[in-house]
Structure formats: C-alpha cells, structure tokens
Amino acid sequence: MIIECIELLKKKSMALRYVVKKTVFGFDKQKTEKFVAKNVITNTVDFQTLCEEITKVGLVPSGVVKFVLDALIDTLNINLRKGISVQLGDFGCFRPGIKSRSQEVAEKVDSTTIERVKIVFTPGNKFRSMLRTVGVERQTESQKKAVTPAPSGGKPNPDTGSGEVPDPAL
C-alpha cells in the first residue's frame, strides 16, 4: 500500500515552471535591463491537507500526524531561539541566521545593524536528490491564466505576480 501511494505521488509530479521577468540590477551603474527566469508557485498545501497526505502515505492516524508535527514545530522553535542548529536526518537542517548591513569598521557593527533574523534551511539527501532530477519548463501564457487547484484540496497561491512565495520572516 505504501509503495502504491509513493508511486502515485511520483506520477503526479510535474516539472517546475518558470516565467521570464525583466529586471534591473542595482549594482549595474547603467541600470541595464536584463531578463531572468523566476520560479512560479501555483499552489499552497495547507497544514490540514499536508497532515491528510502524510496519513495516506505513512498509514498513521491524522491526529497523531498533527500532534507530532505540532510538537516538531514547537521543538524547532525552542532550539532555534537558543541558537542551536537542528538536523532532521534526510529531511535537512534548520539553523538560525541573520542579515545585517555592512560597516566600514568593526566597532560600528552592533545589534542595530541587524536588519532581519531568519531561519536557514539546508536540504538533506532526499531533497538534494530531487533537485538534481527535477524537470524545469517555461510557463506558457495559457498556463499563466489557468490556476490549477492544488492536489488533495490545497489552496491556489494568491501570488500570481512574481511567482515567488513571500518570505514569512519579513
């Protein structure tokens, strides 16, 4: 049963999509316009749907899945607040990070130069393997207009602009 569910999920997988966007880079003194590929996120799977999918693949009751994921989030929060990096096996590693403004001299670097505290995720072996093998395709105009519902009842992504998910840490 588990193998059948995993095979079904693999068959549903598609290539990542991108669109071409015109961009002006700030470091270019001539403000030259260039074109770059930007990824497109078409859907969002909510927490409840994710729990239901894990239940189907892992054959664990949905209440247990939700309880364990909630406990994982709480435990990650506790350890990251302490400045501890958390390794989750093949899933990956979470670690606290900061973004700060550079200063000309070391004495001027203090807590006021820190612009943002963030969480950095480094994917584990299974995700790195997926990234090496995932297909990529350019999104057509007709695909831009049609918002496909997420598998298993997820929600369409309201961001139809840049195709990028906003950073929740901001």
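Just so you know, these numbers use all the heavy atoms, side chains as well, and skip hydrogens, waters and symmetry mates. Bear in mind that the values here come from a model prediction, so they are computed numbers and not experimental data.
Screening residues 101-129 for ring pair (Phe, Tyr, Trp, His ring centres under 6.0 Å), with sequence neighbours left out, gives Phe91-Phe121, Phe91-Phe127, Phe94-Phe121.
If you take NZ on Lys126 and CZ on Arg128, they are separated by 13.0 Å, rounding to the nearest 0.5 Å. The CG atom of Leu76 lies 11.5 Å from the CD1 atom of Ile84; values are rounded to the nearest 0.5 Å. Taking CG from Asp74 and CG from Asn79, the interatomic distance works out to 11.5 Å, rounded to the nearest 0.5 Å. With rounding to the nearest 0.5 Å, the separation of OG1 in Thr55 from CD in Glu52 is 7.5 Å. Atom CZ in Arg95 sits 4.0 Å away from atom OG1 in Thr122 (nearest 0.5 Å). Interatomic distance, Thr75 OG1 to Leu80 CG, rounded to the nearest 0.5 Å: 10.5 Å.
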What donor-acceptor contacts under 3.5 angstrom involve side-chain atoms of residues 98-107, with partners at least two apart or in another chain?
from	atom 1	to	atom 2	distance (Å)
Lys99	NZ	Glu115	OE1	3.3
Arg101	NH2	Thr112	O	2.8

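Both Val68 and Val60 are part of a single hydrophobic cluster, where members link through side-chain heavy atoms under 4.5 Å apart. Linking ILVMFWY side-chain heavy atoms closer than 4.5 Å, directly or via other members, places Val120 and Val86 in two distinct hydrophobic clusters.
Of all heavy-atom pairs between Val134 and Leu131, the closest is CG1-O, 3.7 Å. The shortest heavy-atom contact between Gly83 and Pro96 is CA-CG, 3.7 Å. When every heavy atom of Lys66 is checked against every heavy atom of Cys51, the shortest pair comes out as CA-SG, 3.9 Å.
Side-chain contact between Leu88 and Leu72 is present, with at least one heavy-atom pair separated by less than 4.5 Å. Residues Arg138 and Val20 are in side-chain contact: their nearest non-hydrogen atoms beyond the backbone lie under 4.5 Å apart. Considering only heavy atoms from C-beta on, Tyr18 stays 4.5 Å or farther from Gln139 through its side chain.
Surrounding CZ of Phe67 are at most 12 heavy atoms belonging to other residues, nucleotides or ligands under 6.0 Å away.
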